[in-house]
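Notes follow the structure.
The basis for the numbers below is simple: all heavy atoms, side chains too, and nothing from hydrogens, waters or symmetry mates. Nothing fancy with the numbering, it's 1 onward along the sequence.
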Amino acid sequence: MAEQIMQDAAGKAIPAGYKQTEVGVIPEDWDVLPLASICKEIGDGIHTTPTYSLSGDYFFINGNNIKNGNVVYDENVRRVDEAEYLKHSKTLTSKTIFLSINGTIGNLARYKAERLVLGKSVAYLTIKDSGSEIFSYYALQTEKTKKFFEDGLTGSTIKNLGLSTIRNTMIPVPSYEEQTAIANVLSDSDALIDSLEQLIGKKQAIKRATMQQLLTGRTRLPACPPSPCALRPDGTPKGYKPSELGDIPEDWEVMTYGEIFTFLSTSTNSRADLSNIGEYGYIHYGDIHTKFNNALDLNEFNLPRISSHLASSSFVENGDVVMADASEDYEGIGKSVEICNVGSKKVVAGLHTFLLRDKNKYMADGYRGYLHCIPAVKNAFDRLATGMKVYGLSKNNLAVVPVPIPSQKEQTAIATILSDMDNELAALEHKLAKARALKQGMMQQLLTGNIRLPLAVPA
């Protein structure tokens with residue numbers, strides 16, 4: 001008699017050595033257990049409001065403080081004193097995992113001996129000594145686990161994840177040795193991601209400091225051919241002069257946006273009009289806020305498309321500046337990108353943008369995209385922006401904003417340094433994205449047993 005071929009829920013043949021379970025197809029030697037069986041304790045934080053203390057040494061943590069694998073202590077976190085901590089403390093160990101269970105569901109962090117009191121929107125899961133808390137931490141991030149959580153949510157407006165749902169949630173459980181091997185690989189992946197994130201943060205801080213110095217003239221570059229930027233023809237150092245922007249280098253000028261740029265027409269289409277097809281590329285103000293930094297190379301980005309009959313505005317040209325004229329926060333007010341590598345492409349600037357074209361090429365190519373980063377210019381934007389929930393700039397307000405203008409040679413030298421920094425950051429961001437994608441792929445393969453790791457042979 002022919003051997004019967006087992007099939008999974010999708011009708012695919014189950015390989016030899018594997019079995020179908022509540023969490024999908026896993027190796028035959030793995031178990032599937034509810035979290036209640038692998039945890040020595042599952043609970044949540046206090047359901048009352050503690051007595052706060054401005055000088056307390058302990059933090060009161062809720063679900064919104066669990067982010068990106070860490071407990072985040074932002075400026076809004078409340079403090080309690082030792083007496084209040086002792087009154088409400090839970091038994092937390094190095095094998096404890098935090099889980100957000102109210103509002104934002106499923107954010108995780110491992111307990112790292114922080115001095116804290118938990119609120120009711122945080123659950124804590126303390127793994128038994130027979131299991132790996134690091135493996136469990138990653139197993140709680142799988143799509144299957146998230147689906148268990150989602151199916152058990154209660155509440156209409158604000159969703160809640162109950163402790164009973166958590167206790168009954170099933171996860172795959174290999175041997176302790178295999179849990180440890182999987183945890184080590186994924187921990188190494190997280191360590192790489194963390195190191196890249198820290199390096200990017202450091203490089204961003206260096207770039208911000210460099211912009212502060214170069215775009216204000218506080219630091220002058222040693223080479224602006226045919227002579228140093230900071231020296232007069234007789235070799236004496238150049239000084240500074242007062243202006244409406246404060247002290248600026250004596251050889252810099254001040255012009256307004258209205259004097260430098262012509263304001264061209266833009267389209268007013270929403271996301272609903274955009275697609276992957278259409279004759280024109282479309283620069284959406286939301287993408288300026290989230291995807292682009294200072295420059296928009298049209299050879300590098302695939303813009304959303306729009307049909308020609310829906311958009312009626314000027315086409316962008318090399319050197320044009322597209323500015324987002326609306327933002328939900330002050331940080332994004334006036335954010336701009338300089339367009340390059342247009343070629344034969346037909347691209348329009350869209351809803352909530354200004355399209356600015358340098359009238360007489362006052363600015364060097366590559367420099368225009370950094371104008372909004374000049375502290376005095378950004379301060380003017382913030383001062384002139386209006387609105388309650390969304391802040392906006394008007395053309396009339398923008399036209400009178402003053403800008404400090406170095407020589408074109410100094411502009412080019414500054415833009416070269418800053419664009420090199422941007423390119424380095426972009427390369428690091430790309431590397432980080434690949435590391436995150438690789439980790440997700442490894443989790444999918446390792447936490448289902450689709451790929452088995454070699455285990456250390458006992459001595």
Are Arg78 and Tyr52 in a cation-pi setup, meaning NZ or CZ lies under 6.0 angstrom from the ring centre and within 45 degrees of the ring axis?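 Here Arg78 passes the 6.0 Å and 45° test against Tyr52.
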Lys/Arg cation over aromatic Phe261: Arg368, 6.0 Å, 45° cone: no
Where Ser267 and Asn269 come nearest, the two heavy atoms and their spacing: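 Here Ser267 and Asn269 meet closest at CB-OD1, 3.2 Å.
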Where is the tightest heavy-atom contact between Ala326 and His289, given as atom of each residue plus distance? O-NE2, 2.8 Å
Look only at the side chain of [X] and the backbone of [Y], and say whether a donor-acceptor pair between them is shorter than 3.5 Å.
X      : Y      : result
Asn318 : Val342 : yes
Asn65  : Asn62  : yes
Ser419 : Ala415 : yes
Lys207 : Lys203 : no
Gln411 : Pro406 : yes
Asp81  : Ala83  : yes
Thr145 : Ala139 : yes
Asn70  : Val72  : no

Any ring pair (Phe, Tyr, Trp, His ring centres under 6.0 Å) involving [range]? Give me the pairs, sequence neighbours left out, ordered by first then second residue.
range            : result
residues 77-97   : Tyr58-Tyr85
residues 130-179 : none
residues 364-392 : Tyr257-Phe381, Tyr330-Tyr391

Looking at [X] and [Y], does any basic side-chain N land under 4.0 Å from a carboxylate oxygen?
X      : Y      : answer
Glu328 : Lys389 : no
Asp287 : Arg271 : yes
Arg452 : Glu178 : yes
Lys19  : Glu28  : no
Glu410 : Arg220 : yes

Residues forming a side chain to side chain contact (heavy atoms under 4.5 Å, CB included) with Lys202, sequence neighbours excluded: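 Ile206.
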Would you mind telling me which of Ile288, Thr290, Asn294 makes a side chain to side chain contact (heavy atoms under 4.5 Å, CB included) with Lys335? Ile288
Audit row: Thr216, Met211, side-chain contact (heavy atoms from CB on, under 4.5 Å) steps and yes/no: CA-CA 8 Å; Thr216 60; Met211 286 195 299; over 6 Å; no
Under the ring pair (Phe, Tyr, Trp, His ring centres under 6.0 Å) rule, collect the residues that match up with Tyr111, sequence neighbours excluded. Phe98
Residues in side-chain hydrogen bond (donor to acceptor under 3.5 Å, both in side chains) contact with [X], at least two apart in sequence or another chain:
X      : value
Asn160 : Asn102
Thr353 : none
Arg79  : none

Could you list the residues that satisfy salt bridge (charged side-chain N to carboxylate O under 4.0 Å, His left out) with Asp297, not counting sequence neighbours?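 Expected list: none.
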Under the salt bridge (charged side-chain N to carboxylate O under 4.0 Å, His left out) test, residues paired with Glu133 that sit two or more places apart: Lys95
List the atom pairs, with distances to 0.1 Å, where a side-chain N or O of residues 37-49 and a protein N or O form a donor-acceptor pair under 3.5 Å, not counting sequence neighbours.
from	atom 1	to	atom 2	distance (Å)
Glu41	OE2	Tyr124	OH	2.9
Asp44	OD2	His47	NE2	2.9

Steps toward side-chain hydrogen bond (donor to acceptor under 3.5 Å, both in side chains) verdict (Thr126, Thr96): CA-CA 4 Å; Thr126 300; Thr96 297; 2.8 Å; yes
Counting only pairs under 3.5 Å, give me each side-chain donor-acceptor contact of residues 431-445, with atom names and distances, residues two or more places apart or in other chains.
from	atom 1	to	atom 2	distance (Å)
Arg436	NH2	Glu197	OE2	2.7
Lys439	NZ	Asp190	OD1	3.0
Gln445	OE1	Asn450	ND2	2.3

Please examine the side chains of Leu398 and Leu384, heavy atoms only from C-beta on, and report whether any two atoms are closer than 4.5 Å. no
